[in-house]
J.: 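The structure under discussion is supplied below as structure tokens; questions concerning it will follow.
First the proteins, then the strands, lettered A, B, ... as listed; each starts at 1. Model, not experiment: these values are computed from the prediction.
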There are 2 protein chains.
Amino acid sequence: MEDQFIKTASLIGDPTRASILWTLMDGRAFTATELAVSVNTSPQNISMHLGKLLDADLLCVEKQGRHKYYRFSNKEVAYALEAMASLVPKPVVASKNKTYPPIKFCRTCYDHLAGKIGVALTDSLLEQKIIVNQNNTFEISSDGEKWFSDFGINLEEAQKQKRIFLKPCLDWSERRNHIAGSIGTLLFNKMLKEDWLRKTENSRAITVTGKGEKELLKYFKIVV
Amino acid sequence: MEDQFIKTASLIGDPTRASILWTLMDGRAFTATELAVSVNTSPQNISMHLGKLLDADLLCVEKQGRHKYYRFSNKEVAYALEAMASLVPKPVVASKNKTYPPIKFCRTCYDHLAGKIGVALTDSLLEQKIIVNQNNTFEISSDGEKWFSDFGINLEEAQKQKRIFLKPCLDWSERRNHIAGSIGTLLFNKMLKEDWLRKTENSRAITVTGKGEKELLKYFKIVV
DNA sequence: TTCATAGTTAAGTGCAGAATGAACTATTGC
DNA sequence: GCAATAGTTCATTCTGCACTTAACTATGAA
């Protein structure tokens with residue numbers, strides 16, 4: 001197992017390949033040429049690197065005419081890369097009234113918000129005391145109830161639904177919970193409806209619209 | 001951010017450093033010389049590599065006399081490495097009545113079992129139909145109730161406790177739930193009491209005893 | 001058919017950075 | 001004090017593997 005791990009680590013660790021993976025991290029599929037441009041290297045070189053990533057099953061290809069679309073072959077890859085990204089040295093802390101770091105990854109995890117946006121959103125809800133953490137369970141504060149109704153979400157209706165109303169959902173580090181349950185879904189759907197977010201075809205990725213960018217900053221201090 | 005990510009990736013990706021990190025993955029702290037032996041290289045070389053890992057804040061040191069003990073500086077590092085380890089190409093599936101792959105990492109996550117052992121344990125409980133997944137909530141089957149009482153765990157008592165009785169707790173990939181809540185704690189404590197597992201000092205890591213090794217194989221088909 | 005674009009394969013080169021050698025400091029034990 | 005062990009620093013060497021040059025196949029458009 002150890003040498004397997006080392007192989008995988010060196011595979012990811014090459015600067016050019018790391019850059020390829022970084023580019024693919026938004027969930028979309030890219031052609032070889034697009035990647036060559038994005039990574040700033042030659043087509044041959046990209047081809048070589050993509051070959052290695054394919055061999056290791058980190059990527060998969062889909063052929064469309066004379067194009068080949070490369071993307072992550074499974075979500076474990078995205079998770080691993082995010083976990084690695086979380087290791088980059090923290091910048092010296094900026095200000096008290098902080099905005100959250102730019103979001104690169106935006107995925108849907110089942111039907112609740114996952115990825116960085118989910119985490120940042122949860123952090124913000126907690127900080128604004130819209131939800132509070134009580135013995136590792138999230139509860140909606142009385143202020144929060146008002147907030148949700150202002151936001152256009154009917155809590156009574158949500159409460160009726162069978163599934164768990166509000167629960168922390170562990171992302172790849174217990175430090176970073178993001179909300180799940182019907183509240184997560186409601187928030188997510190609301191944002192889709194208001195056109196803050198859009199689903200993309202052929203991918204689990206969602207993109208943030210210009211409107212969403214502004215609103216996410218306004219409501220949650222999230223910098224996309 | 002991208003070049004930061006690339007730097008971190010290449011840092012981890014060097015074979016020697018990957019091997020160092022792999023060694024440290026069991027949660028213990030190692031001296032420079034121990035690592036040099038384990039990684040099979042010279043003291044100077046280890047020193048150089050450890051220096052780089054320290055700079056990037058992936059490791060931290062503690063000086064004790066003329067020794068220096070190196071370990072992960074935070075659990076994010078362990079998580080990232082585990083996530084990377086999960087990317088190693090799956091071996092061709094062995095047998096139907098499978099045993100789980102060897103466990104390298106064994107940590108306590110708050111007070112429930114985390115890391116590979118937690119995941120493997122949960123997989124096994126699910127496979128033995130001791131617990132069943134119903135709409136993303138774990139429930140104890142009727143067979144399971146008998147199993148727990150045979151195992152020496154009093155379910156009625158657990159149920160009395162306030163905290164959530166049984167819930168999936170997401171590890172770094174939604175494919176890999178491990179159980180949390182009072183059941184997780186009960187199992188964990190039982191294993192400590194029966195001396196299957198032992199806590200180590202100065203570390204969150206727990207070690208599996210010889211007895212534990214046998215019993216984990218017997219009860220859960222987990223190969224430590 | 002011809003030209004352009006997309007991508008791959010093979011052989012040879014070059015260099016970043018890992019490993020080595022030698023000389024150093026620091027702590028422990030006698 | 002001296003010897004032994006633990007670890008570091010710096011200058012030098014060396015090498016794996018990324019990258020290049022060049023020639024190739026495949027699809028699409030005119």
J.: Could you tell me the separation between the NE2 atom of A:H67 and the P atom of C:dT8, rounded to a whole number of Å?
T.: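 Distance check: A:H67 NE2 to C:dT8 P gives 13 Å.
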J.: Please report the shortest heavy-atom distance between B:A18 and B:I12, naming the atom on each side.
T.: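 Smallest interatomic distance, heavy atoms only, reads CB-O, 3.5 Å.
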J.: Which part of the nucleic acid does B:Y70 contact within heavy-atom distance under 4.0 Å: base, sugar-phosphate only, or nothing?
T.: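 Since only primed, P, OP1 and OP2 atoms lie under 4.0 Å of B:Y70, the category is sugar-phosphate.
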J.: Are A:Q64 and A:Y69 side-chain neighbours, meaning at least one heavy-atom pair lies under 4.5 Å?
T.: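 The answer is yes, as the side chains (C-beta and beyond) meet within the 4.5 Å cut-off.
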J.: Please determine, for the side chain of B:R66, which listed nucleotide (C:dA4, D:dT20, C:dT27) has the closest atom?
T.: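 It is C:dT27.
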J.: Could you state the CD-P distance from B:Q44 to D:dT13, rounded to the nearest angstrom?
T.: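 Distance check: B:Q44 CD to D:dT13 P gives 16 Å.
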J.: Roughly, in whole Å, what's the span from CD1 in B:I6 to P in C:dA16?
T.: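 Rounded to the whole Å, the gap is 16 Å.
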J.: Between B:K52 and C:dG17, is there a side-chain N or O to OP1/OP2 distance below 4.0 Å?
T.: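 No, no such contact exists.
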J.: By nearest nucleotide on DNA chain C, pick out whichever of B:S42 and A:E34 is the more 5' one.
T.: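 Closest to the 5' end, via its nearest nucleotide, is A:E34.
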J.: Specify the separation, in whole Å, of atom CG of B:L54 and atom P of D:dT9.
T.: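 Those two atoms, CG and P, are 11 Å apart.
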J.: Looking only at atom types and distance, does a side-chain atom of B:T41 sit under 3.5 Å from a main-chain N or O of B:A36, one as donor and one as acceptor?
T.: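 No, because the side chain of B:T41 does not come within donor-acceptor range (under 3.5 Å) of the backbone of B:A36.
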J.: Taking atom C1' of D:dA6 as reference, at what distance in whole Å does atom CG of B:L50 sit?
T.: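 One finds 13 Å between C1' of D:dA6 and CG of B:L50, rounded.
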J.: Would you kindly give the CE-to-C1' distance between A:M48 and C:dG12, to the nearest whole Å?
T.: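 For the pair A:M48 CE and C:dG12 C1', the rounded distance is 14 Å.
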J.: Between C1' on C:dA6 and CG on A:N45, what's the gap in Å once rounded to a whole number?
T.: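 Nearest whole value for this atom pair: 16 Å.
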J.: Look at the side-chain N and O atoms of A:H49 and state whether any lies under 4.0 Å from the OP1 or OP2 oxygen of D:dC19.
T.: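 Answer yes for this pair, as a side-chain N or O of A:H49 is under 4.0 Å from OP1 or OP2.
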J.: Side chains of B:T23 and B:F30: does their closest heavy-atom pair fall under 4.5 Å?
T.: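 Sidechains of B:F30 and B:T23: in contact.
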J.: What is the minimum heavy-atom distance between A:A83 and B:A83, and which atoms define it?
T.: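 Reported closest heavy-atom pair: CB-CB, 4.3 Å.
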J.: What closest approach, in Å, do B:E82 and B:M25 show between heavy atoms, and which atom pair accounts for it?
T.: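 Scanning both residues, the minimum pair turns out to be N-CE, 4.0 Å.
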J.: With a 4.0 Å heavy-atom cut-off, tell me which residues in residues 9-20 of chain A come close to DNA chain D, sorted by residue number.
T.: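 Correct list: A:D14, A:T16, A:R17.
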J.: Of the options D:dC19, C:dA19, D:dT27, whose atoms approach the side-chain atoms of A:K63 most closely?
T.: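 So the side chain of A:K63 is nearest to D:dT27.
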J.: Relative to the ring of A:F151, is the ring of A:Y219 parallel (under 30°), tilted (30 to 60°) or perpendicular (over 60°)?
T.: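 Correct class here is perpendicular.
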J.: Take the protein atom NZ of B:K68 and the nucleotide atom P of D:dA6, then report the distance between them rounded to whole Å.
T.: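 Distance, rounded to whole Å: 14 Å.
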